[in-house]
Amino acid sequence: MSESLHSLAALKRHIASLDRAPASQPCARFASGHDGLDAALGGGLARGRLHELFGESADEAAAAGLSLLWSRQASGDAPLLWLRTVAAGKAGGHPYGPGLAALGIDPDRLLLGIMPDDSMLLRAAVDALRCPALGALLIELRGRAPLLDLTASRRLALAAEGSGVTALILRIDAEPVPSAAETRWRVAAAPSAPLPGNAPGQTSFALTLLRRRAGPDGQAWRLMWDREKGIFGDVGDERHHAEQRSGDDGAALSGAQLPLPADRPAADHAARSLGGWK
Amino acid sequence: MRLAAVNADGLTIGLTPGMTLADARAREPDLRVFDADPHADQDWLERLCDGCARYTPNAAPDGADGLMLDISGCGHLWGGEEALAAEAAARLERHGLRVRHAIAGSPEAAHALARFPVPPAPDEDAAVRRLPVEALGLEGESAVALRRAGLRTVGDLAARPAAALAARFGEEAVDALHALLGLGHRPLRPRRPRPAVRIDRRFAEPLGSTAYALKILEEMAAEAGERLAERGEGGRRFEAVFFRSDGLAFPLRVETSLPMRDAPAILRLMRERIDALSDPIDPGFGFDMLRLTVPQAEKLAPTQLALEGGEARREDSVAALVDRLSIRAGRARIQRLEPRDSHIPEQAQLALPAVESRAPENWPKNGPSNREAESEPGDPPMRPLHLFDPPQPIEVVAEVPDGPPHRFRWRRTLHDIIRYEGPERIAPEWWKAKDGATEGESAGRTRDYYRVEDARGRRYWIFRHGLYGAEAEHPGWYIHGLFA
């Protein structure tokens with residue numbers, strides 16, 4: 001018995017030595033730009049790790065926007081590389097320089113890699129992650145992407161740890177599967193705080209922490225991007241409640257203050273005249 | 001519409017280039033016409049020019065319809081200059097071309113003699129003197145004026161004092177005359193520029209293994225690097241050719257985004273290129289010659305060793321990554337966005353290969369680039385993150401026909417608009433319209449853009465294509481972009 005205990009301890013030591021050394025020691029972090037979120041994560045998102053962001057295809061631009069903003073936070077002045085496939089451009093539109101600049105991401109620092117398929121994209125991603133001069137890498141994959149299995153994501157994670165380049169994996173229309181990612185998020189667009197005249201306001205996101213290595217998860221945030229200060233603020237509370245009242249079906253008129261059915265032209269008119277003219 | 005070119009049958013029934021299509025059709029109702037494509041013609045001419053490298057290394061396209069070959073010292077290989085010309089003409093005629101050729105002491109004389117047939121003359125000088133004055137290629141009315149003055153041939157002109165000619169018809173007339181007579185010398189600009197560096201290695205015994213050939217290539221790259229360093233240059237493109245003993249040749253081309261002369265790095269790119277080949281390089285009976293050329297070189301200051309490591313070489317390292325990915329995936333796949341000066345949204349940017357473009361400060365800093373939208377600090381983005389090109393059609397319900405949208409259907413999903421801003425009116429580029437039309441279809445349509453948000457907080461950029469009634473009966477709606 002004692003002999004087996006002894007060998008068990010030796011085995012444990014051996015396994016511990018095989019395990020990645022950085023997992024036990026605290027790693028460098030970068031600020032996500034939101035105080036509450038950084039506090040919950042213990043100082044920000046981990047640098048040189050994988051972070052997965054899931055989004056529906058309808059929320060694609062929001063998910064891409066948040067991952068680009070986080071890449072910007074991670075990269076400082078260094079260039080960042082956005083790898084996507086040809087199919088992504090056809091389905092969801094092409095990255096637009098003036099829009100990137102308007103969001104606060106310098107298009108001069110952005111390199112785009114438009115790859116023919118997922119396998120080429122993942123090969124390029126591993127290569128890019130081995131280049132320490134890169135600020136951050138954004139990998140966009142659509143659909144189930146069976147090629148990004150546990151092995152592939154582990155390979156990416158090792159490359160990222162080796163070089164210290166943060167990798168953000170943007171998964172559009174995908175279900176979470178086991179992976180080597182440090183954190184996993186679900187991102188959606190959130191109703192913005194309206195400007196005068198009921199115009200759409202600042203870029204807002206609804207964010208849920210689905211999973212986190214070594215830490216509690218499940219928290220949700222609503223972030224509002226402030227380009228001037230380069231930080232995220234909170235979406236105002238009253239907007240939050242209004243959105244909850246409108247429900248998830250998306251068809252109800254959340255702006256309506258009158259109990260009129262949504263499909264009557266008079267209801268539309270009333271909603272417009274109340275909500276649109278102040 | 002006018003005829004740009006006419007074939008031999010067309011000429012016999014009296015058609016000429018420049019004639020209007022209506023006139024031509026009146027003469028010959030069964031006329032077959034094709035759109036003129038000068039770019040394709042130029043490409044074809046350049047390909048023919050490349051093919052003429054078999055006769056001489058100095059070959060250049062001459063205008064839109066000619067090739068100029070410098071055959072000094074090349075004639076004896078083909079049994080004389082006339083035999084070379086006949087062989088070249090026969091080869092080109094096999095492509096279905098009609099070829100006229102002339103051999104002369106200067107490019108201008110050959111150009112004129114091939115285009116203006118003259119009766120047989122005892123020698124080149126006499127032939128040139130018999131050319132009509134149009135052969136000088138003067139601009140405007142000069143040729144007509146010369147004829148009115150009674151000067152019909154080049155010989156007539158050559159007999160006059162040059163000063164009088166220059167006073168009446170300008171210096172260029174005298175220059176053209178001297179060039180035709182072979183007095184001035186204008187060098188030919190061959191299409192294939194001389195490479196900055198060329199290194200050949202010949203082997204007495206053919207090399208049987210590609211690995212060994214690559215090792216030798218590395219030595220050659222080091223030698224090329226030394227030669228480039230002497231001139232303070234680095235190569236932007238490298239081309240290696242593996243000549244096999246049975247006459248086949250395998251070219252390998254790599255391109256870099258920064259000038260470099262580092263042999264191991266060049267070899268890494270070459271290996272990358274070999275890995276990406278669809279059929280591997282087969283040594284067969286062995287390579288008997290290797291050639292390394294650097295067709296394009298740029299200034300590269302001598303490298304300094306970094307004192308504290310890392311930071312100074314960041315640019316290099318990202319450039320190396322771009323090179324590697326561009327070679328593996330294709331040069332157009334790694335891109336950089338560049339701004340264009342246009343207010344039409346889809347024309348405001350250009351995605352260029354990152355290997356090519358490396359001006360790091362292109363986009364306006366500190367704020368939004370959309371000067372048209374006049375966005376103030378604190379405003380949300382006025383331009384979308386993702387842009388659809390082409391825009392995607394949507395069905396829109398609006399309260400009044402030319403009013404703001406109320407709800408829209410896109411990809412079979414109905415979106416209720418609860419917030420909107422607009423319209424932002426973007427007019428077509430009327431200064432580019434054909435025939436100066438400011439109204440109608442050819443002038444393009446005005447777009448009214450709206451920034452909208454639906455009940456779930458998704459923000460879209462949609463526009464109505466055309467003004468109601470004025471530009472279109474029922475203007476369509478399109479979604480042009482997605483905001484984050």
Side-chain angles (χ1 to χ4, degrees), chain A residues 58-62 64-66 78-79 92-103 106-108 110-116 120 124 127-128 131-134 188-192 194-195 197-204 206 228 243 246 250-255 262 268-269 272 275, chain B residues 310 313-315 317-318 320-322 324-325 328-329 333-339 345 348-349 351 354 360-365 368-370 375 377-378 380-389 399 406 413-416 418-421 451-459 481-484:
Chain A
D59 286 314
E60 161 172 8
L66 184 66
H94 306 281
Y96 187 50
L100 288 161
L103 205 59
D106 183 4
D108 284 334
L110 179 70
L111 288 163
L112 277 174
I114 314 290
M115 296 292 153
M120 192 65 130
D127 253 24
C131 173
L134 206 63
S192 59
L195 299 178
N198 201 23
Q202 296 288 357
T203 307
S204 307
E228 303 305 320
E243 205 276 334
S246 82
L253 270 166
S254 72
D268 301 349
H269 204 85
R272 178 67 59 218
Chain B
R313 314 228 354 131
R314 163 179 284 175
E315 197 61 26
S317 166
V318 173
L321 173 71
V322 167
R324 214 157 57 230
L325 293 181
R328 186 182 303 158
R333 295 217 180 266
I334 307 296
Q335 304 172 345
R336 220 184 257 285
L337 299 175
E338 293 222 343
Q349 76 166 10
E361 300 287 324
N362 281 322
W363 293 85
K365 295 290 180 296
S369 66
N370 40 334
S375 132
M382 292 291 155
R383 288 288 180 269
L385 189 60
H386 283 188
L387 193 80
F388 291 108
D389 193 20
E399 286 171 49
H406 187 68
T413 315
L414 199 61
H415 300 268
D416 271 303
I418 61 164
R419 293 191 231 298
Y420 74 89
E421 184 181 60
R451 228 157 47 77
V452 303
E453 183 174 313
D454 73 0
R456 303 196 52 180
R458 293 161 186 155
R459 286 162 284 275
L482 307 173
F483 288 97

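Lettering of chains follows the sequences in order, A, B, ..., and the numbering in each one begins at 1.
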Top contributor to chain A contacts, counting heavy-atom pairs under 4.5 Å, from B/E421, B/Q335, B/R451: B/Q335

What part of A/L195 gets closer than 4.5 Å to chain B, counting heavy atoms only: side chain, backbone, both or neither? side chain

For A/M120, is it the side chain, the backbone, both or neither that has a heavy atom under 4.5 Å from a heavy atom of chain B? side chain

[X] side, atom [atom1]; [Y] side, atom [atom2] - distance, nearest 0.5 Å:
X      : Y      : atom1 : atom2 : result
B/D454 : B/R419 : CG    : CZ    : 10.0 Å
A/L112 : A/H94  : CG    : NE2   : 11.0 Å
B/E453 : B/I418 : CD    : CD1   : 5.5 Å
A/L111 : B/L321 : CG    : CG    : 8.0 Å
B/E338 : B/W363 : CD    : CH2   : 8.5 Å
B/L337 : A/L110 : CG    : CG    : 6.0 Å

Between chain B and each of [options], count heavy-atom pairs under 4.5 Å; write down the option with the most.
options                        : value
A/G201, A/A128, A/A61          : A/A61
A/D127, A/L103, A/L100         : A/D127
A/A62, A/P107, A/G65, A/A199   : A/P107
A/A189, A/G92, A/P200          : A/P200
A/A188, A/P116, A/A124, A/A206 : A/P116

May I ask you to test the A/Q202-B/P380 pair for a side-chain heavy-atom distance under 4.5 Å? yes

Relative to chain A, which segment of [X] carries a heavy atom at a distance below 4.5 Å: side chain, backbone, both, or neither?
X      : result
B/P384 : both
B/R328 : both
B/I334 : both
B/V322 : side chain
B/R333 : both

Which atom pair, heavy atoms only, marks the closest approach of A/M115 to B/A329? SD-CB, 3.9 Å

Between B/R458 (side chain only) and B/L482 (backbone N and O only), is there a donor and an acceptor less than 3.5 Å apart? no

